[in-house]
Amino acid sequence: MPGLEDLYREIILDHYRNPRNRGELPVPPAHRTEGFNPLCGDEVVVFLELTDGKVTDVRIAGQGCSISQSSASMMSSAVKGLSIEEVARLTRAFKDMMSIHESSLEGADADSEAESELEEIELGDLEALRGVVKFPVRIKCATLSWNTLSQAIEDTLADS
Amino acid sequence: MPGLEDLYREIILDHYRNPRNRGELPVPPAHRTEGFNPLCGDEVVVFLELTDGKVTDVRIAGQGCSISQSSASMMSSAVKGLSIEEVARLTRAFKDMMSIHESSLEGADADSEAESELEEIELGDLEALRGVVKFPVRIKCATLSWNTLSQAIEDTLADS
Amino acid sequence: MDHPLDGTVVKKDFPLLGDLRPDGSPLVYLDSASSAQKPQSVLDAMDDLYCTSYANVHRGVYRLGVEATDRYEGARRTVARFIGAPHEREVIFTKNVTEAMNLVARTWGAANLGAGDVVVLSDMEHHANIVPWLMLAESVGIELRWIGLTDDYQLDLSNLDQLVDGAKLVSVTAMSNVLGSITDVRTIADAAHSAGALCMVDAAQWVPHLPTDVVAMDCDFLGFTGHKVLGPTGIGVLWARSEILDAMPAFLGGGEMIRDVRKDGWTVNELPWKFEAGTPPIAEAVGLAAGIEYLETLGMDRVRAHEVDLTAYALDTLTARFGDTLTIHGPSDLSARGGVLSLALDEVHPHDISQVLDQHGVCVRAGHHCAKPLMRELGVGATARASLYVYNDRSDVDALADALAATVEFFTL
Amino acid sequence: MDHPLDGTVVKKDFPLLGDLRPDGSPLVYLDSASSAQKPQSVLDAMDDLYCTSYANVHRGVYRLGVEATDRYEGARRTVARFIGAPHEREVIFTKNVTEAMNLVARTWGAANLGAGDVVVLSDMEHHANIVPWLMLAESVGIELRWIGLTDDYQLDLSNLDQLVDGAKLVSVTAMSNVLGSITDVRTIADAAHSAGALCMVDAAQWVPHLPTDVVAMDCDFLGFTGHKVLGPTGIGVLWARSEILDAMPAFLGGGEMIRDVRKDGWTVNELPWKFEAGTPPIAEAVGLAAGIEYLETLGMDRVRAHEVDLTAYALDTLTARFGDTLTIHGPSDLSARGGVLSLALDEVHPHDISQVLDQHGVCVRAGHHCAKPLMRELGVGATARASLYVYNDRSDVDALADALAATVEFFTL
Ligand SMILES: Cc1ncc(COP(=O)(O)O)c(C=O)c1O
Ligand SMILES: Cc1ncc(COP(=O)(O)O)c(C=O)c1O
């Protein structure tokens with residue numbers, strides 16, 4: 001049985017207690033996108049400012065458990081300054097770490113590709129969330145902010 | 001286990017093979033009423049002529065199993081010439097023999113009353129159908145024609 | 001109510017609760033508001049059906065079919081008896097209580113509700129008693145009114161007459177699955193009837209825990225769900241007065257619910273089959289009846305007394321050990337609540353509480369409990385909900401308290 | 001298809017079929033078209049869930065809830081694999097196939113069909129694939145067209161292009177529950193698509209008996225029912241292409257199918273949960289998966305070969321013994337039929353046949369088999385239907401023939 005320390009690494013609890021980039025941004029120029037987990041009610045609100053294809057600023061609001069909120073905090077730190085392409089790659093690498101593959105039944109091939117790509121990417125602090133995989137219900141907590149960010153980028157691009 | 005001879009008495013098979021009052025009556029003056037058993041598809045069509053509150057003529061059409069058709073045949077013989085009240089009493093007595101009580105949960109009292117009334121009524125040939133009670137699914141076959149007759153009387157009275 | 005119920009003894013009848021988990025840890029099941037565990041007798045009743053008397057119902061002349069039909073219809077009689085239904089034909093088997101609520105919204109609702117017609121709900125409804133009405137609001141433009149809450153988490157009935165004035169239906173939960181609050185159904189039904197409205201009761205949390213009498217409640221519709229009342233999944237019940245059911249249009253179309261089908265039309269079967277399209281949940285009905293019979297043997301008065309007692313113990317224990325750092329969302333008055341304890345710790349999110357509790361073998365649910373509008377009223381995103389049932393005892397409450405203490409410790413290191 | 005299936009061996013896995021009846025009489029079960037008996041492994045799978053891993057699904061952080069969810073979602077994967085579904089999220093659990101058909105009529109139908117729009121059915125549909133469309137004919141004025149029958153009880157596809165011309169949907173059974181006739185689904189799907197229509201398949205009688213591949217069939221919707229495929233009652237399946245499901249409005253409203261609920265509106269969850277309101281048939285899904293796994297172990301090719309073989313034996317035996325006095329409504333071509341034998345004796349009504357057969361321990365169904373329009377086409381009120389499955393063998397067919405002979409004798413005394 002995986003232990004609590006696999007899930008609640010010290011760095012996670014630190015991000016939960018002292019969330020980075022907490023707050024709001026003026027809309028516009030920023031975009032505001034809400035995401036939530038239909039099962040538990042966790043909410044992440046992403047305020048995103050994209051300039052010239054780069055994340056120039058990001059803020060996080062919402063409420064939820066230590067995993068969803070710390071993941072959002074870590075994400076905000078990780079993506080600031082990245083280009084949209086870099087964010088997409090990081091998102092993919094993060095989700096691969098979370099073992100989120102297409103639920104398609106023919107999806108076997110996609111997995112191996114993903115793994116090879118994963119190796120090239122530095123996850124840094126985000127690595128601390130790897131233990132979440134052992135607690136499958138919590139995976140959606142960890143990925144909520146990333147899904148909301150992807151949506152935020154899509155929305156922003158669609159608007160411009 | 002009840003045997004087939006409980007169900008298929010000779011007199012029943014006789015009515016099945018040689019149905020009495022088989023056919024139709026001109027409508028009007030007769031009334032035509034259809035009844036059917038939703039579960040097995042048996043059909044009984046009753047042609048009824050009521051004059052001065054009496055069954056002056058009755059004919060039976062339709063198709064179905066030996067029980068539904070012989071019961072219809074016996075019924076037609078039994079009710080010819082009876083007054084509406086007499087038909088109602090006979091119907092009640094027949095259904096009591098078939099153990100059809102209100103499905104109401106408070107229905108316990110009604111049963112004992114019914115039994116005392118039952119004793120007073122002569123069922124004649126209809127007695128042959130008593131064995132049907134041991135085959136509960138067939139009860140609806142036996143009562144189909146009686147229900148259709150009741151409906152036919154109601155329809156006729158409503159029209160006049 | 002001769003002698004009190006002993007949860008420790010009852011527990012032995014429930015195979016899942018009897019033993020340690022495969023990994024050797026104990027199991028403290030405190031999520032019965034979500035779904036109840038099953039006594040062996042329920043599993044045996046279903047297995048026995050499948051092993052000795054199984055066939056499709058209502059369609060066979062042969063004995064096996066007759067036996068299966070007798071058991072299925074016998075289950076309907078058991079349900080009717082258990083809820084005090086005047087007629088067994090008023091008992092409709094559905095797949096869960098959610099389908100029962102939707103059935104009413106789609107059939108009675110479609111026939112009786114139009115633009116501007118008012119349906120009154122309460123702030124503590126489960127989504128099953130909200131979304132069907134929101135759907136009608138979208139499709140035909142009905143309007144919803146909401147009975148609010150008092151400071152002690154009860155329905156605020158102070159302006160009830162005003163709220164139900166001009167309404168067509170008042171539909172409320174008999175017990176909140178989040179707060180444990182018990183509704184004064186009779187008062188609401190009376191007010192509804194005075195206003196010319198009908199009254200529907202979501203009794204999903206009531207029927208498992210208190211004696212049910214639909215006549216005394218004087219409601220018009222009542223629904224509950226099998227899996228919370230010791231029965232299997234896959235079955236629910238809608239009860240309604242037969243005059244109302246007779247006047248309602250049919251719901252789903254198919255076998256069993258028809259009298260005749262032609263290429264150009266069809267006619268409907270009589271009650272209760274009118275509302276049971278297709279092969280019904282045969283084994284599930286038999287299992288539900290076995291669950292009900294188990295509860296009848298315990299006695300619903302004793303079930304209630306046991307839960308009041310255990311809830312008092314839980315409230316005392318938790319308050320004594322955690323004081324103000326633990327919020328318990330729900331009425332303080334024991335006579336106005338069931339054994340549902342929605343917990344919130346100052347420092348730890350409910351999701352994390354549930355996670356740590358699980359590590360101690362204690363199962364509680366964290367989340368919005370399918371009552372998001374209520375969560376918004378309470379101003380929280382989620383609670384950690386511990387709920388009690390017949391097989392729980394004081395040792396379960398103690399285990400909950402110990403695990404909560406460990407949780408606080410873990411997160412405040 | 002190494003070696004043929006032996007019904008006599010398979011029978012031993014089915015507790016109800018193994019022994020004599022309580023009164024000592026043998027049991028010859030020939031009503032699997034109505035509902036199948038269950039192998040021990042199906043009962044064990046459900047009992048094991050309830051005894052070791054039961055909790056409500058999708059809502060719990062705790063392990064028991066995770067285990068229950070894994071088993072439930074695992075069952076969905078098993079179903080997807082069994083029918084060749086490209087994506088598991090395309091598999092929706094319903095309460096039976098009747099609900100699956102109604103779901104399509106009420107959601108896809110409501111969104112896509114209006115007055116004068118044409119739905120094409122066939123003359124051999126079950127009421128489950130007729131009444132939902134008759135309801136739409138009444139409520140919104142859709143029109144129905146009917147594919148007729150050939151002299152050999154097959155669908156008459158000679159004027160198919162004309163029939164589907166301008167239609168929005170073609171919905172047909174893959175195998176008739178009365179005649180055993182197998183439909184050429186692919187030809188019908190192709191014609192439907194050429195005409196711009198979608199194609200739905202009622203596979204209630206197909207999935208239990210032949211290998212299923214929704215991609216090869218190229219249909220858009222396919223439904224089947226759990227209790228006919230060795231699974232428990234209380235569960236059915238709707239499969240549909242995900243683009244279509246995504247575009248469809250929701251069906252029932254309540255828990256599980258929502259993303260968010262506010263007092264003034266709600267948003268819908270993703271597939272497959274969008275269409276699964278309320279607590280789903282958890283144990284039933286697990287039982288269905290066990291039934292499917294049992295069939296997979298036998299091998300669906302061998303199941304089909306066994307049934308073709310046994311049907312041939314039955315047709316030969318019955319024709320040899322009863323000649324022209326026994327009518328068998330159904331195709332003579334073995335490759336175009338399943339093991340459903342609708343019987344009619346010159347002298348004895350089907351109801352009476354079934355009654356006498358039962359006295360010999362032989363279970364066959366008498367009636368209209370929920371296909372009244374077909375019965376009218378055939379010009380009969382009822383048939384006595386014997387249907388074969390994996391656990392039947394030649395001794396069952398012989399018992400049927402003997403009992404039929406006794407029936408004739410009894411009635412022609
Ligand atoms: C072809 C066909 N369609 C639909 C059904 C309905 O199945 P259910 O009653 O399980 O919904 C049946 C069986 O009764 C059937 O044989
Ligand atoms: C008050 C209440 N209503 C409705 C429901 C829905 O029950 P089901 O999911 O079985 O339909 C529940 C339980 O989830 C409940 O607690």
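Please read all numbers here as calculations on a predicted model, not as lab measurements. Order of the sequence lines sets the chain letters (A, B, ...), proteins ahead of strands, with each chain counted from 1.
- Listed by chain and residue number, Tyr72(C), Arg76(C) satisfy the side-chain hydrogen bond (donor to acceptor under 3.5 Å, both in side chains) test with Glu276(C) (two or more places apart in sequence, or in another chain).
- Note on Ala55(C), Pro249(C), Gly278(C): by heavy-atom pairs under 4.5 Å with chain D, the leading option is Gly278(C).
- When all heavy atoms are compared, the tightest approach of Arg365(C) to Asn56(D) is NH2-O, 3.6 Å.
- Gly254(C) and Thr98(D) make their closest contact through CA-CG2, 4.0 Å (heavy atoms, listed as atom of the first residue, atom of the second, distance).
- When all heavy atoms are compared, the tightest approach of Leu49(C) to Leu16(D) is O-CD1, 4.4 Å.
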Give every donor-acceptor pair under 3.5 Å between a side-chain atom in residues 131-139 of chain C and any protein atom, sequence neighbours left out.
| unit_1 | atom_1 | unit_2 | atom_2 | d |
| --- | --- | --- | --- | --- |
| Trp133(C) | NE1 | Asn129(C) | OD1 | 2.9 |
| Glu138(C) | OE2 | Trp266(D) | NE1 | 3.0 |
| Ser139(C) | OG | Met135(C) | O | 3.1 |

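- Listed options Arg106(C), Glu256(C), His368(C), Gln40(C) were ranked by heavy-atom pairs under 4.5 angstrom with chain D; first place goes to Arg106(C).
- Put simply, the side chain of Ser35(C) does not reach to within 4.5 Å of the side chain of Thr279(D), judged on heavy atoms.
- Among the candidates Asp123(C), Leu121(C), Leu103(C), the residue making the largest number of heavy-atom pairs closer than 4.5 Å to chain D is Asp123(C).
- Using a 4.0 Å cut-off between charged side-chain N and carboxylate O, Lys263(D) and Glu125(C) make no salt bridge.
- A pairwise comparison of heavy atoms in Val61(D) and Ser354(C) identifies CB-OG, 3.5 Å as the closest pair.
- Although no hydrogens or angles enter the test, the distance criterion places no donor-acceptor pair under 3.5 Å between the side chain of Arg262(D) and the main chain of Pro373(C).
- The parts of Ile282(C) that come within reach of chain D are both its backbone and its side chain, each placing non-hydrogen atoms under 4.5 angstrom from that chain.
- Interface check for chain C: of the options Cys370(D), Ala283(D), Ala277(D), Ala285(D), the most heavy-atom pairs under 4.5 Å are formed by Ala277(D).
- Here the straight-line distance linking atom SG of Cys363(C) with atom CZ of Arg63(D) works out to 7.5 Å at 0.5 Å rounding.
- Of all heavy-atom pairs spanning Asp47(D) and Leu43(C), the tightest one is OD1-CB, 3.7 Å.
- Residues Met46(D) and Tyr50(C) are in side-chain contact: their nearest non-hydrogen atoms beyond the backbone lie under 4.5 Å apart.
- Annotation: maximal heavy-atom pairing with chain D below 4.5 Å, among Thr225(C), Asp264(C), Asp260(C), Thr94(C), occurs at Asp260(C).
- No side-chain heavy atom of Tyr62(C) sits under 4.5 Å from any side-chain heavy atom of Leu30(D).
- Of the two parts of Val42(C), neither the backbone nor the side chain holds a non-hydrogen atom closer than 4.5 Å to a non-hydrogen atom of chain D.
- Between Met257(C) and His127(D) there is no side-chain heavy-atom pair separated by less than 4.5 Å.
- Between chain D and the options Met375(C), His126(C), His351(C), His369(C), the largest number of non-hydrogen pairs under 4.5 Å is found for His351(C).
- Contacts of Tyr29(D) with chain C are made by side-chain atoms alone, with heavy-atom separations under 4.5 Å and no backbone atom involved.
- A distance of 12.0 Å separates NE2 of His58(C) from OG of Ser34(D), quoted to the nearest 0.5 Å.
- When all heavy atoms of Tyr54(C) and Ala36(D) are compared, the closest pair comes out as CE2-O, 3.3 Å.
- At a 4.5 Å heavy-atom cutoff, the contact between Ile258(C) and chain D is made by side-chain atoms alone.
- In this structure, the side chains of Leu252(C) and Lys95(D) come closer than 4.5 Å at one or more pairs of heavy atoms.
- Comparing Pro232(C), Ser32(C), Ala371(C) by heavy-atom pairs within less than 4.5 Å of chain D, the highest count is held by Pro232(C).
- With a 4.5 Å cut-off on non-hydrogen atoms, Glu143(D) does not touch chain C at all.
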